[in-house]
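Please read these numbers as outputs of a predicted model, since none were measured by experiment. Below, chain A is the first sequence line, B the second, and so on; all start at residue 1.
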Protein chains: 2
Amino acid sequence: MAPKYLQVAGQIESDIIHHVYQKTNKLLTEDEYAVKYQVSRNTVRKAIDILVNKGYVYQVQGSGVFIRNHHNRGHVNLERLQGVTNDFSDRLVENKLLDFKLIEADEDLAVNMGCKAGTSVYYVKRLRYVDGDPFSIETSYFNKDLVKYLDENIVKKSIYNYLRNDQKLAIGFADRIIGADYLTSEQADLLGLKANDPALVVDNTVCLTNGAIFDYSQSVHHFKHVKLLKVSNMKGS
Amino acid sequence: MAPKYLQVAGQIESDIIHHVYQKTNKLLTEDEYAVKYQVSRNTVRKAIDILVNKGYVYQVQGSGVFIRNHHNRGHVNLERLQGVTNDFSDRLVENKLLDFKLIEADEDLAVNMGCKAGTSVYYVKRLRYVDGDPFSIETSYFNKDLVKYLDENIVKKSIYNYLRNDQKLAIGFADRIIGADYLTSEQADLLGLKANDPALVVDNTVCLTNGAIFDYSQSVHHFKHVKLLKVSNMKGS
DNA sequence: AAGTGGTCTAGACCACCGT
DNA sequence: CGGTGGTCTAGACCACTTC
């Protein structure tokens, strides 16, 4: 059973997506949601906080909660892991499996994954397409002590959906380090670009709720097709 | 008077930075902070939420709040606007003013700033250095209807510190769109790189608490010196 | 002055971690 | 089992916007 504030957030999010508030461009008041969903006002506020952080709305004290217009322009929202699968749910996301094997972590990888050298890790290399265009090259490592099982069929689809829904993995938090770099000629071939073209590179470190690193990965994105979106809230600084 | 949860968050943040919890790598319990600061537990939780979002700590139900080890590696934390000034407070941040003038917004700029064409906007172009290395080229536009005054002296220092502290501007939220692109030869000269080298490009749209856009800017970052950091929390999806 | 979001409290009960 | 974080409530009062 999902907590109430998530249920309420989901309902309101669905309303926004289906343009229920298009006339006023404004949500209902907190008190109105409290009555509507039979929850306390604090629970409503927690739900709205989630929508604020996802970039759907902004709050103005004394006035209301307003819908943000330029929310979706094909950007990958950094607020969600699993960006491509979520943000492009209305587009065709495909994966081409380039490599898949079980290996032992060397010294460098062990440092990045916070494990001992020699630990068994799944190695997955995929080329991801959106609407038929090459989108990014994703090289991932999964600690086998934590991710007990993977196979080619799973890996061709959404790995995270499997880990969360089937393996019931308690995914907690992630660091992402974002930079730019040259494309190697091999990467350029895969993405349909030229060697030394720019690349948008994201290093991911993903942890379980108990802090253990189960996934370390690097995504090399097509610089023309991929823009990341970060929405920030200045409250709390 | 800052709200209590911000004060508490500031205190604990300071404790973390000064290695008060180094022995255990763990914060005090929520109840202990509630007693220590004479606030309710909910206020403590709100303070800790801020530290979670800033990437200082992570929470484990039933166990405690733990400090994250690899927090600072010279990255620009996307959780804060004013990244360079904050994240590199222990390093030398300098600005070279390349251009500064009052102009009228053309059609394109007006669209980006949500204002009418012909609106007066300050135009600021700066080259930013960290520890003497060229770091990024920042091209900014400020709506003069909202940012009443700027001059060369202010612009050579931290614009945001001035707007927040002196002009008491109520800064609310921001969108950032992150991508990679080629460097132009002019940009390459400024950054000490070569034309067509990669660049990490960030477009900013910054709004007041009432939703009005007061700042639109583009930062072109040195791809070797700049990495952005995003910490994510999987709670609430 | 009325409406609406922002802060804060005190307390209840649940879920999970560790011993 | 006790300790600790997670969810939720009902209500009070403040700050800001709108009229």
Engineer: Rounded to whole Å, please give me the gap between CE in B/Met1 and C1' in D/dC14.
Structural biologist: 14 Å

Engineer: Which value, rounded to the nearest 0.5 Å, describes the distance between A/Leu6 atom CG and A/Lys4 atom NZ?
Structural biologist: 13.0 Å

Engineer: Can you tell which of B/Arg68, B/Lys230, B/His75 makes a side chain to side chain donor-acceptor pair (under 3.5 Å) with A/Asp175?
Structural biologist: B/Arg68

Engineer: Send over the distance from B/Lys4 NZ to D/dA12 P, rounded to a whole Å.
Structural biologist: 18 Å

Engineer: Look at the aromatic rings of B/Phe214 and B/Tyr160 and report parallel, tilted or perpendicular, splitting at 30° and 60°.
Structural biologist: tilted

Engineer: Between A/Lys227 and B/Asp203, does any NZ, NE, NH1 or NH2 come within less than 4.0 Å of an OD or OE carboxylate oxygen?
Structural biologist: no

Engineer: Measure NZ/B/Lys46 against P/C/dT9 and give the value in whole Å, please.
Structural biologist: 11 Å

Engineer: Which one of A/Lys36, A/Arg45, A/Lys46 satisfies the salt bridge (Lys or Arg N to Asp or Glu O under 4.0 Å) criterion with A/Glu30?
Structural biologist: A/Arg45

Engineer: From CG of A/Leu51 over to P of C/dG5, roughly how many Å is that when rounded to an integer?
Structural biologist: 13 Å

Engineer: Classify the ring geometry between B/His221 and B/Phe135 as parallel (under 30°), tilted (30 to 60°) or perpendicular (over 60°).
Structural biologist: perpendicular

Engineer: In Å and rounded to the nearest 0.5 Å, what is the CD1 to OG1 distance from A/Ile103 to A/Thr119?
Structural biologist: 11.0 Å

Engineer: Closest to the A/Asn42 side chain: C/dG11, D/dG6, D/dG11?
Structural biologist: D/dG11

Engineer: Can you check each nucleotide of nucleotides 13-19 of chain C against protein heavy atoms at under 4.0 Å and return B for base, S for sugar-phosphate only, - for none, in 5' to 3' order?
Structural biologist: --BBB--

Engineer: Which whole-number value in Å describes the distance from B/Ile50 CD1 to C/dG6 P?
Structural biologist: 14 Å

Engineer: Rounded to the nearest Å, what distance is computed from the CE atom of residue B/Met234 to the C1' atom of nucleotide D/dG6?
Structural biologist: 18 Å

Engineer: Just compare D/dC8, C/dC8, C/dT7 and give me whichever is closest to any side-chain atom of B/Thr43.
Structural biologist: C/dC8

Engineer: Starting at CZ of A/Arg45 and ending at P of D/dA15, how long is that distance when rounded to a whole Å?
Structural biologist: 15 Å

Engineer: Strictly below 4.0 Å, N to O, side chains only: are A/Lys54 and A/Glu79 in salt-bridge contact?
Structural biologist: no

Engineer: Near DNA chain C, counting only heavy atoms under 4.0 Å, which residues of residues 14-36 of chain B show up?
Structural biologist: none

Engineer: Among C/dG5, D/dT7, D/dG6, which nucleotide has an atom closest to any side-chain atom of B/Gln59?
Structural biologist: D/dG6

Engineer: When the distance from OH of B/Tyr5 to P of C/dT9 is rounded to whole Å, what number comes out?
Structural biologist: 13 Å

Engineer: Hey, is B/Glu138 close enough to B/Lys125 for a salt bridge, meaning N to O under 4.0 Å?
Structural biologist: no

